Structure formats: structure tokens, C-alpha cells
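For ligands, and for the atoms within them, numbers begin at 1 and follow the listed sequence. Since we're looking at a predicted model, the values are computed, not measured.
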Amino acid sequence: MSAQIIDGKAFAAALRGRIATKVAALRDAGGRAPGLAVVLVGEDPASAVYVRNKHKATIAAGMASFEYRLPADTEQDELLTLVASLNADPAVDGILVQLPLPPQIDADTVLMAIDPDKDVDGFHPVNAGRLATGLPGFVPCTPYGCVMLLKDQLGDLAGLDAVVIGRSNIVGKPMAQLLIAESCTVTVAHSKTRDLPGIVHRADIVVAAVGRPEMIKGEWIKPGAVVIDVGINRTDDGLIGDVDFNGAASVASAITPVPGGVGPMTIACLLRNTLISASRRQGVALDLAEL
Ligand code: NAD
């Protein structure tokens with residue numbers, strides 16, 4: 001193995017520490033603790049773990065955590081009523097409705113109901129539009145975490161050839177927008193892409209967000225490329241990424257492991273968005289460049 005292993009767990013812990021310091025500064029300036037409301041509908045075990053981890057990290061950063069656990073048979077209107085009350089609650093700076101939702105609830109309708117200025121997941125079409133046009137808003141947490149890791153590894157990304165594999169609204173598309181904003185030359189590959197190995201092989205940066213265990217082969221990777229593996233695949237052998245880790249690590253210059261790479265960055269960036277929301281809503285300027 002020649003690649004450096006990118007330690008997302010350590011990077012995220014340091015970021016959460018910097019966020020906690022800023023939260024304390026906000027309180028010292030007479031401000032209110034940032035408040036994050038997380039809504040879980042049903043009993044999906046993976047979602048329950050995510051929500052528990054978000055709650056713990058929110059408290060540890062000095063923020064207020066409001067948790068809502070609704071039964072799996074909750075009607076869409078009940079959830080929309082809760083979202084409306086959270087939109088109106090001045091103590092709530094960020095609202096997150098954990099996906100997936102049960103079949104009787106339309107996720108798009110619920111996400112559209114969240115106030116875009118409290119949409120710390122960055123999934124509302126208004127925030128997708130802001131990202132696409134370079135306006136301040138909320139950027140989805142997982143792709144933002146990937147960009148932080150890339151900049152930490154490579155410094156300036158301008159002019160680099162980046163390939164994003166996956167075009168979902170929550171990872172692939174915002175990832176591509178963020179890399180365009182960093183002046184990369186971006187290719188988005190997806191399920192209909194022809195010659196994926198050839199496209200991956202020309203990239204300086206490879207971001208895999210597919211959801212297929214070890215689909216991206218080591219021999220596709222250009223020597224010296226940086227590989228970011230967003231994939232989380234639950235298999236009998238535990239959590240596996242979308243990239244053949246051992247193969248890619250023998251040619252890449254740096255690579256994120258699964259677990260311990262991109263995953264921990266998501267919650268840290270969620271807290272970052274919640275802090276940004278609180279500072280905007282309270283009119284307290286914070287130096288976000290330090291985050
Ligand atoms: P998704 O299913 O919405 O999208 C998958 C994308 O992969 C699609 O755009 C599809 O076109 C593309 N794809 C499918 N088969 C392909 C193929 N053979 N070749 C090329 N492209 C192909 O998934 P998602 O929500 O974007 O998540 C992707 C992965 O990232 C999943 O494993 C998910 O668990 C993981 N994920 C991790 C985090 C985190 O680390 N915190 C957050 C979100 C998603």
C-alpha cells in the first residue's frame with residue numbers, strides 16, 4: 001500500500017472542537033445556544049443510530065438538541081404540522097427530518113415544507129439553487145465534508161480533473177457543484193455512463209457515491225489520484241465502501257477508509273451548518289474561515 005489514509009474521524013473530531021469553541025464565543029457574546037431539531041419517523045435501525053449520534057454530537061458541541069420520535073404510522077399531515085411548528089420556533093435554528101420516511105409520507109413534500117433558512121441538511125430546492133448559483137445557503141453535509149478533506153489533502157483544487165460517480169440530489173449533484181465552485185473540471189458519471197474505467201482513469205480526484213460494494217477497481221485509478229469513498233454498504237463482512245480499498249490504495253496518493261473516512265464528516269458539517277444558521281438568525285458575525 002502506498003496511499004496515505006485520510007483520517008476523517010480525526011479531522012471531524014477537530015472540526016467539532018472548533019465548532020464548540022465558536023458556540024461558546026456566541027454564548028459569551030450574549031447569544032443563544034444554536035438549536036437543532038431532529039425528527040425520526042419509525043424504527044429504521046440505521047436511522048435510529050444516526051439520530052442518536054447526532055443528538056450526542058449536538059450536546060457535546062454546546063448546542064441544544066430537540067428530538068422528535070414519531071411512530072411509523074404517522075400521517076403526513078401530522079409530520080407537516082410538526083415541521084410548521086419547528087419553522088416558527090425561535091429556539092430552533094436547524095431542522096432535520098431523517099430519511100428514509102415510511103411509504104405513506106412523501107419525502108419531497110416534507111423537505112419542501114422546511115423553512116430553507118433552517119434547512120441545515122441543504123436538501124430544499126431553494127438551497128440546491130443557491131448552491132448552483134453561488135449564493136449563500138446551506139450546503140449538503142456529506143459533500144461539503146468531502147471538499148474539506150480534499151482541500152486539506154491537496155490545498156488549491158483549481159484546474160484538477162475530478163470525477164464524481166453518482167448523481168443523487170444528496171451527494172453526487174451537490175458534490176459536482178462544490179467541485180465546480182473550486183474550479184475543478186468535473187465529470188459526473190452514473191448508471192448509464194459508458195466506459196466508467198476510462199473516465200475514472202483520467203481523474204486527479206475520484207469521488208465514489210454509488211452504493212455498490214467495491215465497484216470502483218484499483219486498476220481504474222490514475223497513479224497519484226486522491227480517492228474519496230462516500231459509499232456505505234452493509235455486508236456480512238461489515239461496512240464496505242464503493243471502492244476496492246486495497247487495490248486503489250496501492251496506486252492512489254491518498255484515500256478515505258470505510259468506516260472512518262467521509263462518514264464522521266457528515267455530522268460535523270451538520271453542526272457547522274447549525275452554527276451558521278444560529279449566527280445568521282441572531283445577527284452575530286462569526287469568522288467561518290476558521291471552521
Ligand atoms: P443513490 O442510490 O441515491 O444514488 C446512487 C447513484 O449511483 C445514482 O445516481 C446512480 O446513477 C449511480 N449508479 C448506480 N449504479 C451505477 C453504476 N453501475 N455505475 C455508475 N453509477 C451508478 O445513493 P446516494 O444517496 O447518493 O448514496 C450513495 C452512497 O453513499 C450509498 O452507499 C450511501 O449509503 C452513501 N452515503 C454516505 C453518507 C455518509 O457517509 N455520511 C451520506 C449519504 C450517502
Side-chain angles (χ1 to χ4, degrees), residues 6-13 15-16 38 44-54 56-57 96-101 107-108 111 120-123 128 131 138-150 162-179 186-203 206-217 220-221 227-235 237-245 248 255-273:
I6 299 173
D7 189 346
K9 198 173 168 190
F11 193 99
L15 175 57
R16 290 198 310 270
V38 176
D44 180 65
S47 295
V49 172
Y50 290 142
V51 167
R52 197 160 52 242
N53 290 341
K54 283 166 188 169
K56 275 197 227 156
L96 183 154
V97 178
Q98 185 68 45
L99 301 178
L101 289 166
D108 285 339
L111 295 181
V120 284
D121 251 343
F123 294 164
L131 175 60
F138 292 112
V139 174
C141 304
T142 301
Y144 193 78
C146 295
V147 170
M148 286 187 117
L149 294 178
L150 282 167
V163 170
V164 179
I165 310 154
R167 57 175 162 182
S168 71
N169 288 342
I170 63 171
V171 189
K173 282 182 198 160
M175 187 74 228
Q177 292 291 355
L178 286 166
L179 290 169
V186 181
T187 304
V188 180
H190 47 76
S191 53
K192 300 282 189 283
T193 294
R194 295 177 191 170
D195 188 23
L196 186 60
I199 287 172
V200 169
H201 197 68
R202 64 167 198 246
V206 178
V207 181
V210 182
R212 290 175 172 238
E214 299 187 333
M215 194 195 93
I216 313 300
K217 304 301 174 202
W220 301 1
I221 306 294
V227 178
I228 303 289
D229 191 349
V230 183
I232 299 178
N233 303 290
R234 288 178 174 76
T235 73
D237 299 329
L239 291 188
I240 306 264
D242 287 346
V243 179
D244 159 25
F245 180 83
I255 184 167
T256 56
V258 178
V262 173
M265 293 299 291
T266 300
I267 291 182
C269 290
L270 174 69
L271 300 180
R272 183 180 180 279
N273 276 350

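Contacts with ligand 1 closer than 4.0 Å are made by no heavy atom of T193, backbone or side chain. Of the heavy atoms in T142, only side-chain atoms (C-beta onward) come closer than 4.0 Å to ligand 1. Residue contacts with ligand 1, taken as heavy atom pairs separated by less than 4.0 Å, involve M215 solely via side-chain atoms from C-beta onward. At a heavy-atom cutoff of 4.0 Å, ligand 1 is contacted by no atom of K192, backbone or side chain. The backbone and the side chain of I232 each have at least one atom closer than 4.0 Å to an atom of ligand 1 (non-hydrogen atoms only).
Atoms of ligand 1 found under 4.0 Å from any heavy atom of I170 (numbered from 1 in listed order, with element): 25 (O). Close contacts of ligand 1 with V171, meaning ligand atoms under 4.0 Å from a residue heavy atom, involve 26 (O), 43 (C), 44 (C). Using a 4.0 Å cut-off to heavy atoms of G263, the atoms of ligand 1 that qualify are 40 (O). Distances below 4.0 Å separate heavy atoms of V230 from the following atoms of ligand 1: 30 (O), 35 (C), 36 (N), 37 (C), 40 (O).
Every N/O-N/O distance between A189 and ligand 1 stays at or above 3.5 Å. Considering both main-chain and side-chain atoms, D242 never comes within under 3.5 Å of ligand 1 through any nitrogen or oxygen pair.
Listed by chain and number, the residues in a side chain to side chain contact (heavy atoms under 4.5 Å, CB included) with V38 are L36, V51, L96 (sequence neighbours excluded).
Panel note: side chain D242, backbone D229; no donor-acceptor pair is recorded below 3.5 Å. No side-chain donor-acceptor contact under 3.5 Å links D244 to the backbone of E214. Listed for the H190 side chain is no donor-acceptor partner under 3.5 Å among the backbone atoms of G166.
Residues P143 and K173 are not in side-chain contact: their nearest non-hydrogen atoms beyond the backbone lie 4.5 Å or more apart. The closest side-chain heavy-atom distance from V230 to T256 is not below 4.5 Å.
To the nearest 0.5 Å, the span separating CG on L111 from CD1 on I170 amounts to 9.5 Å.
Residue contact check for ligand 1: G172 places no non-hydrogen atom closer than 4.0 Å to it.
Looking at atom 7 (O) of ligand 1, its nearest protein heavy atom turns out to be V210 CA, 3.5 Å.
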